[in-house]
Undergrad: 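One structure coming up, written as structure tokens, with questions to follow.
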Amino acid sequence: MKTFTLKGRGAVPGVAEGKAVVCPDGIAGNTGALGDTDGIIYEKGNVNYGTCIKDTILVVPSAKGSTGFSAHFKAAYISGVRPAGWVATKMDGRLGAALASLNLPAVCDFEDADPIKLIQTGDWVKIDGSSGEVLVTRNTEGKPCEG
């Protein structure tokens, strides 16, 4: 199995692992983009439309949409369909609010590599939100995460 490590800034301490769901354009923070009670991505045009985020590692460039971004992810958290952790290319205020509210392990602010380009949906990802390390094991089955 091919593995590689990326180094970012630890944003929220803790260790989490799961299959990656890579959203190159992010996930919108507005009503209807993420199912608050089922954790399914309903955003039209999202490459992961129909995918459930439960127990995954979300890989996003940053937050997208309104400040409601954190509210929809918090609702998914309360409903038990939250991601296990986050990898974000760059931190912004909306993502910071979501991460503070969720308190899930997160790594962000990658300077030497773009996780959006290097991680693929379906890869197994282990993140350490304290050290900022992201260990990626390439999905050798060639199948994307099925939610």
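These values consider heavy atoms only, across backbone and side chains, with no hydrogens, waters or symmetry-generated copies. Computed from a prediction, not measured in an experiment: that's the story for all the values here.
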Undergrad: Got a second to check how far T137's OG1 is from K19's NZ, nearest 0.5 Å?
TA: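 Rounded to the nearest 0.5 Å, the OG1-NZ separation comes to 12.5 Å.
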Undergrad: When rounded to the nearest 0.5 angstrom, what is the spacing between OG1 in T51 and CD1 in I41?
TA: 5.5 Å
Undergrad: How long is the gap from SG on C23 to CG on L58, to the nearest 0.5 Å?
TA: 6.0 Å
Undergrad: Specify the closest pair of heavy atoms between A97 and S70, including all atoms of both residues, with the distance to one decimal.
TA: C-CB, 4.0 Å
Undergrad: Under the side chain to side chain donor-acceptor pair (under 3.5 Å) rule, collect the residues that match up with D109, sequence neighbours excluded.
TA: R9
Undergrad: Output all residues satisfying side chain to side chain contact (heavy atoms under 4.5 Å, CB included) with N103, sequence neighbours left out; order by chain, then residue number.
TA: V12
Undergrad: If every non-hydrogen atom of A11 is compared with every non-hydrogen atom of L99, which pair is closest and at what distance?
TA: CB-CD1, 4.4 Å
Undergrad: Just do the side-chain contact (heavy atoms from CB on, under 4.5 Å) check on E43 and I27 with the steps written out, would you?
TA: CA-CA 7 Å; E43 179 183 18; I27 300 172; 4.3 Å; yes
Undergrad: Measure across G14 and P105 and return the closest heavy-atom pair with its distance rounded to 0.1 Å.
TA: O-CB, 3.5 Å
Undergrad: Do you know which two heavy atoms are closest between A84 and A16, and how far apart they sit?
TA: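 Nearest pair, atom of A84 first, then A16: O-CB, 3.3 Å.
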Undergrad: Which atom names give the shortest non-hydrogen contact between A20 and Q120, and what distance separates them?
TA: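 Answer, listing the atom of A20 first, then Q120: CB-O, 3.7 Å.
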Undergrad: Could you pull out the closest heavy-atom pair between I40 and Y42, with the gap in Å?
TA: O-CD1, 3.2 Å
Undergrad: List the residues meeting side chain to side chain donor-acceptor pair (under 3.5 Å) with Y49, not counting sequence neighbours, and say none if there are none.
TA: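 Scan of Y49 (side chain to side chain donor-acceptor pair (under 3.5 Å), adjacent residues dropped) gives none.
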Undergrad: Apart from I127 itself, what residues make up its hydrophobic cluster, given side-chain heavy atom links below 4.5 Å?
TA: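 Other cluster members: F4, L6, V22, I57, V59, V87, V107, F110, I116, L118, I119, V125, V134, V136.
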Undergrad: With sequence neighbours left out, what residues match D114 under side chain to side chain donor-acceptor pair (under 3.5 Å)?
TA: T89
Undergrad: Residues two or more places apart in sequence or in another chain: which of them pass side chain to side chain contact (heavy atoms under 4.5 Å, CB included) with D128?
TA: V15, S130, S131
Undergrad: Is there side-chain contact between R82 and K54, with at least one heavy-atom pair below 4.5 Å?
TA: no
Undergrad: NZ/K7 to CD/E133 distance, rounded to the nearest 0.5 angstrom?
TA: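 The CD atom of E133 is 5.5 Å from NZ of K7, to the nearest 0.5 Å.
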Undergrad: Which residues pass the side chain to side chain contact (heavy atoms under 4.5 Å, CB included) test with D36, not counting sequence neighbours?
TA: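 Side chain to side chain contact (heavy atoms under 4.5 Å, CB included) list for D36, sorted by chain: H72, A75.
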Undergrad: Considering only heavy atoms from C-beta outward, does the side chain of I53 approach that of L34 to under 4.5 Å?
TA: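 Side chain of I53 against side chain of L34, heavy atoms only: contact under 4.5 Å found.
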Undergrad: My understanding is that only residues two or more places apart in sequence, or in another chain, count here; which of them pass side chain to side chain contact (heavy atoms under 4.5 Å, CB included) with L102?
TA: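 L102 satisfies side chain to side chain contact (heavy atoms under 4.5 Å, CB included) with F73, K74, Y77, W86, L104 only.
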Undergrad: I'd like to check the side chain to side chain donor-acceptor pair (under 3.5 Å) partners of D55; sequence neighbours left out, ordered by chain and number.
TA: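 D55 satisfies side chain to side chain donor-acceptor pair (under 3.5 Å) with no other residue.
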Undergrad: Applying salt bridge (Lys or Arg N to Asp or Glu O under 4.0 Å), name anything that partners D92, two or more places apart in sequence or on another chain.
TA: R94
